[in-house]
Amino acid sequence: MSSRPLILYFGSFNPVHAGHIAVAEAALRHFGGEADLWFMLSARNPFKTEAEMWPDERRWALLQAALDGRAAMRACDWELHLPRPSYTVRTLEAVRAREGADRPLFLLMGEDNLPRFTQWRAYETILDWCRVLVYPRASADEPAEAAREAVPQLQASLSAYADRFILLRGVLYPQSSTAIRAQAAAADPVTPIMSATPIMSATPAAAATPAALIGHAPADWAQCLQWRGEKAQALREAARQVKLQTVGREVYLRGLIEYSNICRKNCYYCGIRAGNPAVARYTVTEAEVLAAVENAYRAGFGSIVLQSGERQDRDFIETVERLLKAAMRLSDGRLGITLSLGEQTLETYKRWREAGATRYLLRIETSNPTLYAQLHPADHRFADRLKALEALQAADYQVGSGVMIGLPGQTPEDLAADLAFFRDFGIDMVGMGPYIEHHETPLYARRHEIPTLAERYELSLNMLALLRLIMPTVNMAATTAMASLHPRGREEALRVAANVIMPNITPARYRGDYFLYENKLCICESERDAKDRIEALVQAAGGEIRYFEKGDPQHYFERLAPSDEP
Ligand code: 5AD
Ligand code: SF4
C-alpha cells in the first residue's frame with residue numbers, strides 16, 4: 001500500500017473551475033509534488049434546483065475533463081454511490097479501507113469551513129484520521145492578512161487539534177463569482193481584474209479591463225495599438241498586472257519539433273511554400289522524432305509541439321498517428337502534445353486526438369478575409385481555415401490560433417478585429433508575432449508597404465498586452481518571430497503577457513531548412529545552450545519555468561463549462 005500523501009478535496013464542483021485547480025496545485029506544491037490529490041465530487045442536494053446545482057453526471061463529466069492529463073490529480077465519484085446523506089467520515093472510511101489505514105490523508109478545505117467544522121459528524125475521528133490543509137478564502141483587498149489569521153482563529157473547540165491544521169500560503173481564491181461580478185460592475189477600474197482572475201468569471205472579459213485605459217470596443221483597441229512611449233508602457237504594465245493575477249509568473253515549455261518542411265501550399269509570405277525551389281526538403285525520421293520527444297520529456301518539458309508544412313496524404317496521417325501513440329507510451333500519457341499541421345478533415349483531427357494530441361495550433365493569419373485573399377493563392381480559402389478551426393473545437397482540442405502583425409495592407413483596425421476574433425471564437429491559445437519578409441517569396445515585392453522593424457515590434461507588444469487584458473486566461477506564446485525582431489523580444493513578450501515559450505528541439509541537422517522568414521533564430525544553438533538561455537531569459541522576464549507541467553490553458557476549461565456559480 002502506498003505511503004504517499006493523499007489529499008482529498010471534497011466539493012460539489014458546480015462546475016469545477018480554474019480556482020479549484022489553483023488550490024489543488026498549491027496543495028500539491030506543499031508536498032513538493034510528491035502527493036496525490038483526489039477531487040471528491042459530492043452528490044447533488046435533492047432540495048436544490050438544477051439552476052442552483054447541476055446534475056451529478058454533468059458535474060462529473062466536467063470534472064473529469066478538467067483533470068484529464070493532470071498526472072497527480074484524479075476525480076472520485078464515490079459519494080455519488082455511497083448511502084445518503086453523505087458524511088465525510090463515511091467516505092473517509094471507504095478511502096481508508098481501500099488505501100490502507102497507514103496512508104497519510106489530508107483534507108483540503110477553505111478556511112470558511114472552519115467555523116462549522118465541529119458540526120461535522122464525528123469530526124474528532126476525522127481529525128484522527130486526517131490532517132487538514134486550509135486555504136484562505138481571503139477578501140481581494142487583504143489576502144495576506146486573512147491568510148495569516150485563518151488558522152489562529154480556530155474555534156476554542158478545535159484548538160486542541162491546532163497541530164492537525166496546516167495553512168497553505170500563497171493561494172488566492174476569490175470568495176465567489178457573484179462577488180466578482182459585483183466588483184467588476186463597480187466603478188473601480190482595477191480591482192475587478194485583481195479579483196476576477198484566478199476563477200473563471202461569467203463577466204465578459206472586456207468588462208473587466210481597466211476602463212480608464214482601454215475601451216470595450218475594437219475601435220478603441222485600434223487606438224491603443226498605436227500608442228507608443230508612456231501610454232504604451234501603461235498599457236503593457238496593466239497587462240502585466242492582469243497576467244500576474246491570472247496565469248501568474250509561471251511559464252510553460254513546449255519543445256518545438258519542426259517535423260517536415262514539405263508543404264503542398266503556397267502562402268505568399270512563407271519561405272517553405274511549395275513553390276520555392278531553393279528549399280532542401282526534409283522530414284525528420286520517426287526514430288529521431290521520438291528521441292527528441294524522449295529527451296524533452298526527461299528534461300522536464302511538460303509538452304511538445306509537432307509542426308510541419310501541410311500534407312493530407314494517408315502516409316502522413318498514419319505516421320503522425322503512430323508518432324502520437326509512441327509519444328504517449330514513452331511518457332505514460334503525461335506529455336502534452338500539440339499539433340501544428342495545418343488544415344485537415346474533422347476525421348483526421350479526431351483520429352489524432354484519439355491518438356493522444358490534446359492541442360492544435362492553426363493560425364488564422366488575419367481575420368480580414370480580403371487581406372487573407374491577398375496573402376494566399378485563390379485555392380487557399382479563408383472559409384476553409386475557419387471551418388478547420390471549428391472542426392478542431394468540435395473534436396475537443398484546446399485550440400490555438402494567431403496572426404501575423406505588420407503585414408502589407410494591414411491596418412490597426414484589422415489587428416483590433418483579430419483580437420475580437422480570438423475572443424468571439426473562443427480561442428484558447430494564441431501565438432502571434434511580427435510578419436518578417438523573406439526574399440524568396442512573392443510578398444517580398446511589397447516590402448516597402450510594411451512598418452519598420454521597430455514599429456512591428458512595438459505593435460506586436462501592444463497586441464500581446466491588449467489580448468491579455470481582453471482574454472485574461474488564454475495561453476500566449478512568446479514567439480520566435482519576436483526574438484528575430486529584437487534581441488529581447490521574447491523576454492519582453494513574457495514580461496508583458498505571454499506565459500508559454502517554445503524552445504526549438506528539432507534535431508540540429510534539419511534546423512536551417514525550416515526557414516519561414518529571414519533572420520529566424522535558433523538555427524545554430526546547441527541543446528544545452530538553448531536550455532540555459534531559455535532559463536536566463538525567463539528569469540530576466542520575472543517568470544518561473546514550470547518543468548514537468550503541461551500548463552493547459554485555463555480558458556479551455558472555462559469554455560467547456562461557462563457558469564455563474566463559484
Ligand atoms: N513572417 C512571420 N511569420 C511567418 N509565418 C510564415 N511565414 C512567416 C513570415 N514571413 C508563420 C505563419 C504560419 C507559421 C507556421 O509561421 O503565421 O502560420
Ligand atoms: Fe505551408 Fe504553412 Fe508555409 Fe503556408 S505558412 S506555405 S501552409 S508551411
Side-chain angles (χ1 to χ4, degrees), residues 17-35 37 66-67 69-73 135 143 168-174 193-200 236 239-256 296-297 299-305 334-336 338 358-359 398 400 428-431 464-465 467-469 471-479 482 490-503 531 533-558:
H17 57 60
H20 297 127
I21 303 286
V23 164
E25 281 175 343
L28 285 169
R29 271 201 299 279
H30 179 78
F31 296 96
E34 294 299 320
L37 188 147
L67 301 186
R70 293 177 187 274
M73 299 183 198
Y135 60 88
L168 283 182
R169 294 188 184 276
V171 190
L172 242 187
Y173 184 107
I193 300 175
M194 302 310 185
S195 52
T197 44
I199 200 171
M200 72 187 188
R236 294 170 200 172
R240 176 168 169 72
Q241 289 309 320
V242 168
K243 170 183 140 88
L244 290 175
Q245 295 294 326
T246 44
V247 295
R249 279 158 39 84
E250 292 85 344
V251 174
Y252 300 97
L253 299 180
R254 282 87 172 91
L256 174 66
Y297 178 59
F301 285 59
S303 314
I304 56 122
V305 181
R334 291 208 181 90
L335 199 59
T338 309
T358 51
R359 310 188 183 120
Q398 297 169 15
D428 305 308
M429 315 174 293
V430 176
L464 292 167
L467 183 66
R468 182 54 78 200
L469 292 172
M471 301 183 77
T473 59
V474 288
N475 273 0
M476 286 167 66
T479 56
M482 286 299 281
R490 271 188 299 189
E491 187 179 317
E492 199 52 15
L494 283 176
R495 206 184 60 78
V496 168
N499 65 332
V500 162
I501 191 157
M502 297 163 60
K531 193 169 177 207
R533 277 171 46 170
I534 296 285
E535 271 189 6
L537 186 159
V538 170
Q539 215 169 34
E544 188 183 292
I545 296 183
R546 300 307 290 259
Y547 289 103
F548 298 103
E549 286 185 34
K550 284 188 197 177
D552 288 320
Q554 289 179 34
H555 185 272
Y556 169 74
F557 300 108
E558 299 169 5

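Sequential numbering from 1 along the given sequence is applied to the chain's residues.
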**Student:** Evaluate the side-chain proximity of Asp552 to Phe557: yes if any heavy-atom separation is below 4.5 Å, no if none is.
**Tutor:**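 A side-chain contact exists here, since the closest heavy-atom pair is under 4.5 Å.
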
**Student:** Heavy-atom distance under 4.5 Å between the side chains of Ile534 and Ile545, does that happen here?
**Tutor:** yes

**Student:** Once salt bridge (charged side-chain N to carboxylate O under 4.0 Å, His left out) is applied, do any residues pair with Arg254, and if so which ones, sequence neighbours excluded?
**Tutor:** none

**Student:** Grab the two heavy atoms, one from Val242 and one from Pro472, that are nearest each other, plus how far apart they are.
**Tutor:**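 Here Val242 and Pro472 meet closest at CG1-CB, 3.9 Å.
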
**Student:** Do side-chain atoms of Arg249 reach the backbone of Gly542 as a donor and acceptor pair under 3.5 angstrom?
**Tutor:**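 Yes, the answer is positive, given that a donor and an acceptor are paired below the 3.5 Å cut-off.
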
**Student:** Looking at side-chain heavy atoms only, is the closest gap between Arg334 and Phe548 below 4.5 Å?
**Tutor:**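 No; the side chains remain at least 4.5 Å from each other.
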
**Student:** Please check if the number of heavy atoms outside Gln539 that lie under 6.0 Å from its CD is greater than 12.
**Tutor:** no

**Student:** Is it true that the side chains of Glu558 and Thr473 contain a donor and an acceptor less than 3.5 Å apart?
**Tutor:**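 Yes - a donor-acceptor pair under 3.5 Å links their side chains.
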
**Student:** Determine whether Arg468 and Asn499 make a side-chain contact, defined as any pair of heavy atoms from C-beta on separated by less than 4.5 Å.
**Tutor:**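 SC-SC contact between Arg468 and Asn499 confirmed.
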
**Student:** Tell me whether Arg236 is salt-bridged to Glu492, with the criterion being a basic N under 4.0 Å from an acidic carboxylate O.
**Tutor:**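 Judged by the 4.0 Å cut-off on N to carboxylate O distance, Arg236 and Glu492 do not form a salt bridge.
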
**Student:** Side chains of Leu67 and Ile21, heavy atoms from C-beta outward: is any pair under 4.5 Å?
**Tutor:**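 Side chain of Leu67 against side chain of Ile21, heavy atoms only: contact under 4.5 Å found.
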
**Student:** As a test of understanding, state which of Met476, Gln398, Met471 forms a side-chain contact (heavy atoms from CB on, under 4.5 Å) with Pro553.
**Tutor:** Gln398

**Student:** By salt bridge (charged side-chain N to carboxylate O under 4.0 Å, His left out), which residues pair with Arg546, not counting sequence neighbours?
**Tutor:** Glu250, Glu549

**Student:** Is the shortest heavy-atom distance from the side chain of Val500 to the side chain of Met429 under 4.5 Å?
**Tutor:**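 No, too far: nothing below the 4.5 Å cut-off.
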
**Student:** Can you tell if the side chain of Lys550 reaches within under 4.5 Å of the side chain of Arg70, non-hydrogen atoms only?
**Tutor:**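 Side chain of Lys550 against side chain of Arg70, heavy atoms only: no contact under 4.5 Å found.
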
